[in-house]
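First up is the structure itself, then whatever we jot down about it.
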2 protein chains.
Amino acid sequence: MSTSRAKTRDIGRGAVREELARTAFPLFCDRGFDEVTFEELAAVSGVSRSTFLRYFGSKEEVVLFSFDPLGPQMTEVLLGRPAHEKDWPALRHALAPATAFLNRDPSEGLALLGLIGRTPALCARLREKQAGWRPDLARALAERPGARPGPDLPRQALAGAALECLTVSLEHWASTGGDTDMDELIDDAFSAFTD
Amino acid sequence: MSTSRAKTRDIGRGAVREELARTAFPLFCDRGFDEVTFEELAAVSGVSRSTFLRYFGSKEEVVLFSFDPLGPQMTEVLLGRPAHEKDWPALRHALAPATAFLNRDPSEGLALLGLIGRTPALCARLREKQAGWRPDLARALAERPGARPGPDLPRQALAGAALECLTVSLEHWASTGGDTDMDELIDDAFSAFTD
DNA sequence: ATCGACTTTGACACTCAGTATCAAATAAGG
DNA sequence: CCTTATTTGATACTGAGTGTCAAAGTCGAT
């Protein structure tokens with residue numbers, strides 16, 4: 001069947017992307033994102049420049065594609081929160097996939113955030129990704145069980161603010177070397193709106 | 001004196017930038033940001049490609065440099081708010097320079113936001129700029145008259161949320177063709193956190 | 001008005017990201 | 001084994017952004 005062939009192909013593609021990104025990451029950290037060319041990445045990975053470029057639409061994607069699943073995951077968590085829970089606490093719980101992703105291997109998460117933080121191009125692209133998650137979270141807020149109908153704008157604002165809380169918390173977490181608990185930081189950021 | 005010479009030089013530089021950007025803007029709107037090259041911009045403006053590039057570090061700057069004053073302006077407004085005013089309302093007032101900038105000529109503001117909205121590279125860069133304003137706003141929150149000392153994170157979160165309210169409001173304003181009042185939209189976004 | 005120091009300009013060359021094309025290699029299915 | 005679809009790598013190209021240099025322009029001082 002053609003759909004199953006396509007499916008296995010995508011799985012293989014994903015695995016290759018992960019492998020290529022894994023070999024590329026140390027180079028970025030050592031020499032700086034801007035100082036590494038596709039040619040070197042290809043050489044280190046043992047494929048041609050053409051092939052490397054076919055797996056990643058841009059150099060930024062090599063670093064940031066691993067964030068892609070977070071948007072859908074956060075949306076799913078949000079939709080699964082109980083009906084009686086208020087929007088703001090529900091959004092707080094929806095950030096769990098992000099913290100889980102970075103806490104899986106904290107030292108690597110730290111290296112990743114550090115690299116992004118000192119590379120403007122990566123900051124910009126990650127923010128772009130986050131901005132793409134916001135409408136989905138807002139829609140999930142509208143569709144959650146027990147949601148009251150109303151205008152869209154406040155939900156967009158809440159979703160955007162929640163993601164911004166995540167951003168500032170991660171920034172602070174990375175700047176302190178990861179020795180504070182990430183979830184406590186996010187709680188602090190969130191509580192700025194409730195007390 | 002060398003400082004006054006330098007000052008007049010910077011004024012001249014700013015005027016040239018404004019002029020170059022003015023002639024470039026219609027081209028971007030007509031043909032799309034990515035389809036216009038520096039060579040064409042230079043040709044239309046009557047300067048060489050080299051000169052054009054010396055005035056703008058990147059093509060995105062040609063469109064976005066006009067947002068640069070907003071950060072300092074918003075910070076200044078925030079610092080001038082009365083001591084008894086709570087942080088959130090004060091931040092609401094601090095967004096005034098942004099609305100003023102776009103409402104000065106609404107149809108041009110609409111064209112500007114439209115161009116940005118349909119150009120991912122411009123979205124990303126503008127978000128980068130906004131992200132740069134956030135720490136300044138947070139610092140202003142800490143330094144405003146009557147500020148209570150405390151951890152930095154909540155202030156960063158508040159400042160980031162305020163800017164996000166601005167973003168979603170402008171997005172909504174642009175998507176509805178500018179026929180709703182911008183300040184009412186921002187009020188709606190802000191009130192999502194107070195009711 | 002002319003000189004001399006400084007700045008701006010434009011021409012040129014260069015690196016690298018990203019796109020497109022095509023032929024050879026390779027894998028999968030019958 | 002053969003056919004067909006996919007992947008790969010080689011090559012060439014456009015355009016962004018950087019750097020250098022010599023010519024042109026600016027401005028103050030004499």
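Each chain gets a letter, A, B and so on, in the order its sequence line appears, and its residues count up from 1. All figures in this text were calculated on a predicted structure; none of them were measured in a lab.
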Would you mind listing every ring pair (Phe, Tyr, Trp, His ring centres under 6.0 Å) that reaches into residues 139-164 of chain A, with sequence neighbours excluded?
none
Please, which pairs that meet side chain to side chain donor-acceptor pair (under 3.5 Å) have at least one residue in residues 103-117 of chain A, sequence neighbours excluded?
A:Asp105-A:Ser107
Contacts of A:Gln130 that satisfy side-chain hydrogen bond (donor to acceptor under 3.5 Å, both in side chains) - sequence neighbours left out:
A:Thr167
For A:Arg49 and D:dT7, what is the distance between atoms CZ and C1' respectively, to the nearest whole Å?
18 Å
If you look at every strand shown and take non-hydrogen atoms under 4.0 Å, does A:Tyr55 touch a base, only sugar-phosphate, or nothing?
sugar-phosphate
Whole angstrom value for the distance that separates C1' of D:dA16 from CD of B:Glu61
14 Å
Flag the pair B:Phe101 / B:Phe67 as yes when their ring centroid distance falls below 6.0 Å, and as no otherwise.
yes
Which parts of nucleotides 20-26 of chain D does protein reach within less than 4.0 Å, heavy atoms only, written one letter per nucleotide 5' to 3' as B for base, S for sugar-phosphate only and - for none?
-------
Does anything in residues 18-28 of chain B form a side chain to side chain donor-acceptor pair (under 3.5 Å)? List the pairs, not counting sequence neighbours.
B:Thr23-B:Ser45
Grab the CZ-P distance between B:Phe52 and C:dT8 for me, whole Å please.
17 Å
Just the rounded figure in Å: distance from P of C:dA20 to CG of A:Leu53.
12 Å
Residue pairs involving residues 65-75 of chain B (criterion side chain to side chain donor-acceptor pair (under 3.5 Å); sequence neighbours excluded):
B:Asp68-B:Lys129
How many Å lie between NZ on A:Lys59 and P on C:dC16, as a whole number?
9 Å
In whole angstrom, what separates A:Glu60's CD from C:dC16's C1'?
13 Å
Integer-rounded Å distance: C:dA17 C1' and A:Arg125 CZ
11 Å
Listed in order of residue number, which residues of residues 21-46 of chain B have a non-hydrogen atom at under 4.0 Å from DNA chain D?
B:Val36, B:Thr37, B:Phe38
Shortest side-chain distance from A:Thr51, nucleotide among D:dG9, D:dA16, C:dG10
D:dG9
Charged N to carboxylate O below 4.0 Å: is that the case for B:Arg125 and B:Glu61?
no
Of all pairs that satisfy salt bridge (charged side-chain N to carboxylate O under 4.0 Å, His left out), the ones with a partner from residues 83-96 of chain A, not counting sequence neighbours
A:Arg81-A:Glu85, A:Asp87-A:Arg144, A:Arg92-A:Asp183, A:Arg92-A:Asp187
Ring pair (Phe, Tyr, Trp, His ring centres under 6.0 Å) pairs, two or more places apart, involving residues 126-146 of chain A:
none
